[in-house]
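Shown next, in structure tokens, is the structure this report addresses.
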Number of protein chains: 2
Amino acid sequence: MVINQLTAAYEPDLYNPDCPTRVVLDRIGDRWTALVVLLLAERSPRRFTELRQGVGGIAPKVLTQTLRAMERDGLVKRTVYAEVPPRVEYELTPLGDSLRRPIAAIGRWAERHVAEVLEARKRFDEAQSGD
Amino acid sequence: MVINQLTAAYEPDLYNPDCPTRVVLDRIGDRWTALVVLLLAERSPRRFTELRQGVGGIAPKVLTQTLRAMERDGLVKRTVYAEVPPRVEYELTPLGDSLRRPIAAIGRWAERHVAEVLEARKRFDEAQSGD
DNA sequence: CGGGATCCCATAGGATACTG
DNA sequence: CAGTATCCTATGGGATCCCG
């Protein structure tokens, strides 16, 4: 079975465009996944609307897409309660939780270095219009 | 000066859509920046064509865009040598290099967990078509 | 409440050809 | 060699409305 061969012997190569690791990178690198991981890592489970507000300015359709993709990739577990009104809760799987630290590190980098980036950007733009 | 106020007192908030940290996240989260950081962290300086081959399947226009954006954000330094044929070298700035560890962590996560993600995906898709 | 259905758009990204 | 210049498309993402 191909999957088992992968698990056992496959040598992942980020630099190979055909390597599935790239697919993974692409998913993590979308606009919202990282934020959702962070939110769910902070407190779980959370409900749809809660996430929607927590993430700030995301369209419902897009949140659904994001959550579905994460569920598909085994990062999130979705639980539906047969109630009226409906209640749906999301939480990280162990796999999803293992992403917490790496993503948090990126987040911290962003918070720590925004100012520098902004300055660099300003300098670059001024130099550009300068000559 | 606004920038200094930022540096000193601004409270970054990843969850606020208007916060510049989000801009930073968006840039890092594009398709190529992370790979370029990794390549340059591994060995610097590198030339355009070298990066182009190293990164695997990137169009020259897109590599230029990526590199320019990174230069603008203060992540890479671009050096042009007045020779024929032209030689241009790219290397990480200290700021860019500070991204190395967080990004490498994400890369390692991807390599370590591709198989799990792929399996989860397969399971999900089968369950989907099942009912 | 938690989305599905629709419609729409910007733009990141790609292919190819050309040039100082 | 290190890019520009064009042209093109795929799609991530957004706005709105509706439904069980």
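Numbers restart at 1 for each chain; the letters A, B, ... are given by sequence-line order, proteins then strands. Side-chain atoms are counted along with the backbone in the values below, which use heavy atoms only and exclude waters and symmetry mates.
Partner of B:Leu95 under the side chain to side chain contact (heavy atoms under 4.5 Å, CB included) criterion, out of B:Thr93, B:Asp97, B:Leu99, B:Leu92: B:Thr93 alone.
Nearest heavy-atom pair across A:Leu39 and A:Gly54 is CD1-C, 3.7 Å.
Sorted by first and then second residue, the ring pair (Phe, Tyr, Trp, His ring centres under 6.0 Å) pairs with a member in residues 40-80 of chain A form an empty list; sequence neighbours excluded. Legend: side-chain hydrogen bond (donor to acceptor under 3.5 Å, both in side chains) pairs involving residues 50-59 of chain B, not counting sequence neighbours, sorted by first then second residue: B:Arg43-B:Glu50. Under the ring pair (Phe, Tyr, Trp, His ring centres under 6.0 Å) criterion, the residue pairs touching residues 94-116 of chain A are A:Trp109-A:His113, with sequence neighbours excluded.
Residue B:Asp26 contributes atom CG, which lies 11 Å from atom P of C:dG13 at whole-angstrom precision.
Every salt bridge (charged side-chain N to carboxylate O under 4.0 Å, His left out) that B:Arg31 has, sequence neighbours left out, goes to A:Asp26. A search for salt bridge (charged side-chain N to carboxylate O under 4.0 Å, His left out) contacts involving B:Arg46 returns B:Glu42, not counting sequence neighbours. With sequence neighbours left out, B:Thr33 forms a side chain to side chain contact (heavy atoms under 4.5 Å, CB included) with B:Asp30, B:Val37, B:Thr66, B:Met70. In this structure, the side chain to side chain contact (heavy atoms under 4.5 Å, CB included) partners of B:Arg121, at least two apart in sequence or on a different chain, are A:Val23, A:Arg27, A:Arg72, A:Asp73, B:Val117, B:Asp125.
In the hydrophobic cluster analysis, where Ile, Leu, Val, Met, Phe, Trp and Tyr join through side-chain heavy atoms closer than 4.5 angstrom, A:Val84 is grouped apart from A:Tyr81.
By the neighbour-count criterion of 12 heavy atoms within 6.0 Å, atom CZ of B:Arg78 is densely surrounded, having more than that number from other residues, nucleotides or ligands. More than 12 heavy atoms of other residues, nucleotides or ligands sit less than 6.0 Å from atom CZ of A:Arg87.
At a non-hydrogen distance threshold of 4.0 Å, A:Arg68, A:Arg78, A:Pro85, A:Pro86, A:Val88, A:Tyr90 from residues 68-91 of chain A come into contact with DNA chain C. Within a heavy-atom distance below 4.0 Å of DNA chain C, the residues of residues 27-35 of chain B found are B:Asp30, B:Arg31, B:Trp32. Looking at residues 41-62 of chain A, you'll see A:Lys61, A:Val62 sit with a heavy atom under 4.0 Å from some atom of DNA chain D.
The side-chain heavy atoms of B:Leu35 and A:Tyr15, taken from C-beta on, include a pair separated by under 4.5 Å. In this structure the side chain of A:Leu40 reaches within 4.5 angstrom of the side chain of A:Leu51, judged on heavy atoms. Contact check for B:Asp13 versus B:Thr21: no side-chain heavy atoms found under the 4.5 Å cut-off.
The outermost nucleotides of DNA chain D lying under 4.0 Å from heavy atoms of chain A, listed 5' to 3', are D:dG13 to D:dG20.
Axis angle between the ends of the helix from C:dC1-D:dG20 to C:dG20-D:dC1, five pairs each and rounded to 10 degrees, works out to 60°.
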